[in-house]
2 protein chains.
Amino acid sequence: MSVGRETRLSAWIERFAAHFAEEGIPLIGGRILGYLLVCQPVERTAAELSQELEASSGSISTNLKYLVNVGLVSKRTRRGRQAAEYRINEKAWTDFIQRKFDAIASVQTLTDDGMRLLSGDPERSMRLRTVDNLYGWLSEELPALWERRPAAPK
Amino acid sequence: MSVGRETRLSAWIERFAAHFAEEGIPLIGGRILGYLLVCQPVERTAAELSQELEASSGSISTNLKYLVNVGLVSKRTRRGRQAAEYRINEKAWTDFIQRKFDAIASVQTLTDDGMRLLSGDPERSMRLRTVDNLYGWLSEELPALWERRPAAPK
DNA sequence: CGATAGTTTCAGTGTCGACCGAAAGGGATC
DNA sequence: GATCCCTTTCGGTCGACACTGAAACTATCG
């Protein structure tokens, strides 16, 4: 007897959350992301998320605030409805990735400063130079690559 | 009155360590990396690192083990010398970056599995598709970019 | 205005990991 | 083999942070 689609989806959500937990995103935040990516309908209230993800209202609130803040989730309020609706903002994933790239490229300013401190001492700066060259190349290429990213469909 | 080069270097090491602390590398590990990148001579024993970075022998040992393990530092033992010598393995920085790229690209298998679970439900898979497309593109382009990386000098 | 339904805040709890320092372990020299 | 020196292991402490649940807050509707 095969397991249902919803069961497999919740297992998938858990894997999804586990991956981002390794990147420092709280488990519940990752679950929210995964859930909002596949739920039907697309919008959920905090209370619904709390129930379906079996997480306390406090955790949901904290993590929604964080996710809205980084743009991955958007909050919509409607007159006549006191409950706000949350949904995935899939467009924001590009910014999410870009921040990762920026973090990598930013090391170059660090190695660059180091090189400057060692200027006039080529012997000693050899090790740093290798690293600086790599990051220098990355901080050229990553933005260039990023320019070529495909436009999000419609 | 200007501060000495060594003073500025230790400030630089601290900045360096702080950056990688944000990426999840323990502070002391980051200090070791920064220090080994600029110290003269290039090799240090654990005891020396402990003294110069003002960290306990235990912390130094733990972090060296970790850094050697990921390849960023190499350990050399010599007959007639009981103290092992540690030095930066600047070549390994490329692997270090590559692991980051791999981590990004690996999300694609995740989103791909999700898409499969939602197959036959185009309406519902729209959100995931956007994300999947982005990661699909990345997992094509990042390895391609990586191929073009400059060779380390000599 | 009162009642209701939802969200946010906050204090408290538990877990995890970095760090320390002392004790144990292992080579090297005599 | 005994001694010395250095490294690793290990128990313990501390601080950070995710999470909870109850209380405070806010908004809507009767």
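Computed from heavy atoms alone, side chains included, the values below leave out hydrogens, waters and symmetry copies.
Side chain of R127(A) to backbone of C39(B): a donor-acceptor contact under 3.5 angstrom is found. In this structure, the side chain of S125(B) does not engage the main chain of L128(B) through any donor-acceptor pair within 3.5 Å. Between the side chain of T62(A) and the backbone N or O of G58(A), at least one donor-acceptor pair lies under 3.5 Å.
Atom CD of E123(A) sits in a sparse spot, with 12 or fewer heavy atoms from other residues, nucleotides or ligands closer than 6.0 Å. Heavy-atom neighbours of Q98(A) CD from other residues, nucleotides or ligands within 6.0 Å: above the threshold of 12.
Nearest nucleotide to the A83(A) side chain, out of dG6(C), dT20(D), dC20(C): dG6(C). Of the candidate nucleotides dT8(D), dC19(D), dC19(C), dT8(D) has the atom nearest to the side chain of S57(B).
Taking 4.0 angstrom as the limit, K75(A) places a side-chain polar atom (N or O) nearer than this to OP1 or OP2 of dT8(C). Within the structure, a side-chain polar atom (N or O) of K65(A) is placed less than 4.0 Å from OP1 or OP2 of dT9(C). Put simply, S59(A) has a side-chain N or O that comes within less than 4.0 Å of OP1 or OP2 on dT20(D).
The stretch residues 28-48 of chain A touches DNA chain D through I28(A), each having a heavy atom under 4.0 angstrom from the strand. DNA chain D is contacted by no residue of residues 12-27 of chain B, taking any non-hydrogen atom closer than 4.0 Å.
Protein atom OH of Y66(B) is 12 Å distant from nucleotide atom P of dC19(C), rounded to whole Å. Between the P atom of dA18(C) and the CG atom of N63(B) lies a distance of 8 Å, rounded to the nearest Å. Between the CD1 atom of I60(A) and the P atom of dT20(D) there is a distance of 8 Å, rounded to whole Å. Regarding L67(A), its CG atom lies at a distance of 13 Å from the P atom of dT8(C), rounded to whole Å. R78(A) has its CZ atom 14 Å from the P atom of dT7(C), to the nearest Å. Rounding to whole angstrom units, CG of residue L53(B) and P of dA18(C) are separated by 17 Å. Between the CD atom of E85(B) and the P atom of dT7(D) there is a distance of 9 Å, given to the nearest Å. Rounded to an integer number of Å, the gap from L64(A) CG to dA18(D) P is 15 Å.
Ring-plane geometry between F16(A) and W12(A) is classed as tilted, the angle between the planes lying from 30 to 60 degrees on a 0 to 90 degree scale.
Closest approach of F101(A) to L145(A), counting heavy atoms only: CE2-CD2, 4.5 Å. When all heavy atoms of I25(B) and Y66(B) are compared, the pair lying nearest together is CG1-OH, 4.1 Å.
Y86(B) comes within contact range of the sugar-phosphate backbone alone, with a heavy-atom separation under 4.0 Å but no base atom that close.
Between D113(A) and R116(A) there is a salt bridge, with a side-chain nitrogen of the basic residue lying less than 4.0 Å from a carboxylate oxygen of the acidic one.
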